[in-house]
Number of protein chains: 2
Amino acid sequence: MSETTGARERRPRTDAQRNRTHILDVAERHFSEHGITGSLDAIAKRAGVGAGTLYRHFPNRDALLAALLRARDEDLMTRRDEIRREEADSAAALAQWLDALGRWATAFDGLPEPLRAALTEDSSPLALTCQGYVTDTDEFLRAAQRDGGARPEVRGRDLFLGVLATAWVRGAAMADESSARALTAMMRSGWAGPARIARTVSDAPHRPDQT
Amino acid sequence: MSETTGARERRPRTDAQRNRTHILDVAERHFSEHGITGSLDAIAKRAGVGAGTLYRHFPNRDALLAALLRARDEDLMTRRDEIRREEADSAAALAQWLDALGRWATAFDGLPEPLRAALTEDSSPLALTCQGYVTDTDEFLRAAQRDGGARPEVRGRDLFLGVLATAWVRGAAMADESSARALTAMMRSGWAGPARIARTVSDAPHRPDQT
DNA sequence: GACCATACGGAGACAGTCTCCGCTTTGCAA
DNA sequence: TTGCAAAGCGGAGACTGTCTCCGTATGGTC
């Protein structure tokens, strides 16, 4: 009676489990070396399984990525709790969380792209992960806002996207590191400290009123 | 002897010219509708020419994009001069220039990607264009910095990449408009006004071994 | 040991990029 | 005009990558 309630999940066959984890191992290496656009069939070949096997386990690239990121989720959650525990200054905590997120989003070359896409098409297997981190960001942010360490008009989603954008700028193989740092710094002045809303050109009347 | 000096350029045949401009017309429409990843062969077909013809005129996607952007270059330069002429406040001028750049970088869905890539691989046909705009940005920026309207540590390249990153966030079909605005605003507080350098987490004395 | 659900492999359909080469068109010169 | 070389054209097809389908193998269970 392995099958109790109606929609019970059956434990997969052992060869299936073995294949799955092996594919993940290989994919991790392959994506690290070739970026997330590396060929899936190549991964299958390298893992010594047929293409069908790969696609049965992971119907598309995003699914595979999501599985790989799930493995890193634990690390990131650990880091999150660590920051919460050890950083008393809520603004500094937010900064550190964003930094951790930034490193997470740079795990593979090209990763920011599907992550951003997942943020607007919630059918993606990555969507849930992203949404979760947006929520976490929001928590850090709200704490900082309560303490007057972050501007009230900023949203967690904005910061998350900002982090992705910065990771995106870094591009392949840490190309534009210095500009990425500059962007992070600029972004920080954008959220840090309680201040009035900075105005955008498109918001402002054409005559900027001399701040 | 039509050939005078060694490396003389021969005026292309009339059918070639006709094809070239027609391909550009079609490509403009096709990229507008399908984003820059739209199939090149489809463009050829839609233009009623063979694939060979398309690839002879534009050896790859970037070359085609570069040609399309060259057509818009004139508009952007006009805008630039207009801003220079009509905006006395140098910081506001910079903001308006960045806004214009942002609209330029959103001409087609997905455009920011090759633009950013061109900034690090200068073999790309887009590289020259980008470099030019970085220079323009630098000029606006330096004027603002002289007037104390922009922080001294910021570079034109950083701002250009920031604009690209914001355009990238907007994603396909203006998806994340509000976040894009938020980012622009944050970025603005990053460059505007002379202030001390904001610190990044990674700059900070971050003891990796257990902060 | 038999049975069958589960999983496997890989051939191949499909789509996109890009090249190659035989044929056509253009423009110049006689 | 006519002839002809250079310039340009078209599209078949090589190549690469994604993803499906189905005949075959295998693990787990009774």
Side-chain angles (χ1 to χ4, degrees), chain A residues 1-4 6-24 26-27 30-31 33-67 109-110 113-114 117 123-125, chain B residues 1-4 6-24 26-27 30-31 33-67 109-110 113-114 117 123-125:
Chain A
M1 70 129 201
S2 38
E3 191 151 353
T4 49
R8 186 100 229 121
E9 283 288 309
R10 206 187 215 73
R11 185 203 335 60
R13 253 165 57 174
T14 56
D15 53 347
Q17 288 179 267
R18 188 161 20 95
N19 276 329
R20 194 191 139 88
T21 60
H22 186 223
I23 288 171
L24 284 175
V26 171
H30 199 80
F31 284 155
E33 293 166 12
H34 302 94
I36 62 151
T37 54
S39 151
L40 296 188
D41 274 28
I43 292 175
K45 194 150 289 176
R46 202 168 155 182
V49 303
T53 300
L54 190 153
Y55 285 96
R56 190 167 334 98
H57 285 286
F58 310 101
N60 54 49
R61 193 178 298 274
D62 278 6
L64 184 49
L65 280 173
D109 282 355
E113 189 67 58
S123 64
S124 163
Chain B
M1 182 106 350
S2 40
E3 191 154 350
T4 49
R8 184 105 230 116
E9 282 289 308
R10 207 190 216 71
R11 179 177 17 45
R13 254 164 57 171
T14 55
D15 54 346
Q17 287 178 267
R18 188 163 19 98
N19 276 329
R20 193 190 139 88
T21 59
H22 186 223
I23 289 171
L24 283 175
V26 171
H30 198 79
F31 284 154
E33 293 166 12
H34 302 95
I36 62 152
T37 55
S39 149
L40 296 187
D41 274 27
I43 291 176
K45 194 150 289 176
R46 202 168 155 182
V49 302
T53 300
L54 190 154
Y55 284 98
R56 192 169 332 98
H57 284 287
F58 310 102
N60 52 51
R61 193 178 298 273
D62 278 6
L64 184 49
L65 281 174
D109 281 355
E113 188 69 57
S123 64
S124 164

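Note that the structure is predicted; figures quoted are calculated from it, not measured. Chain naming here is simple, since letters A, B, ... match the order of the sequence lines and numbering starts at 1 in each.
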Over how many whole Å does the gap from H34(B) atom NE2 to dG16(C) atom P extend? 10 Å
Looking only at heavy atoms, the pair that brings A67(B) and R20(B) closest together is CB-NH2, 4.2 Å
OP1 or OP2 of dA15(C) under 4.0 Å from side-chain N/O of S39(B): no
Between D62(A) (CG) and dT18(D) (P), how many Å, whole number? 13 Å
Let's test your reading of the model: under 3.5 Å, does the base of dC9(D) pair with the side chain of N19(B) as donor and acceptor? no
Please name the residue in the list H57(A), R46(A), R18(A), H30(A) that meets the side-chain contact (heavy atoms from CB on, under 4.5 Å) test with I23(A). H57(A)
Rounding to an integer number of Å, can you tell me how far K45(A) NZ sits from dC8(C) P? 18 Å
Taking any heavy-atom pair under 4.0 Å as a contact, classify D15(A): base, sugar-phosphate, or nothing. sugar-phosphate
Please compare R13(B) and T37(B) by the position of their nearest nucleotide in DNA chain C and report the one closer to 5'. T37(B)
Any heavy-atom pair between the side chains of L40(A) and F58(A) that's under 4.5 Å? no
Within this structure, what is the CG-CD distance for the pair L65(B) and E113(B), rounded to the nearest 0.5 Å? 12.0 Å
Residue whose closest nucleotide on DNA chain D lies nearer the 5' end, R18(A) versus R11(B): R11(B)
When rounded to whole Å, the CD to P distance for the pair Q17(B) and dT25(C) reads 18 Å
Please give me the minimum heavy-atom distance between G110(B) and I36(B), naming the atom from each residue. O-CD1, 3.2 Å
Using 0.5 Å steps for rounding, measure from the OH atom of Y55(A) to the CG atom of D41(A). 5.0 Å
Could you please name the option among dA7(C), dC19(D), dG27(D) that lies closest to any side-chain atom of D41(A)? dC19(D)
Within this structure, what is the CD1-to-C1' distance between I23(B) and dC18(C), rounded to whole angstrom? 14 Å
For a 4.5 angstrom cut-off between non-hydrogen side-chain atoms, does N19(B) reach L54(B)? no
In residues 51-61 of chain A, what residues come within less than 4.0 Å of DNA chain C, judged by heavy atoms? A51(A), G52(A), T53(A), R56(A), H57(A)
CD1 of I43(A) versus P of dG17(D): gap in Å, rounded? 12 Å
Using whole Å, what does the distance between atom C1' of nucleotide dT18(D) and atom CD1 of I36(A) come to? 15 Å
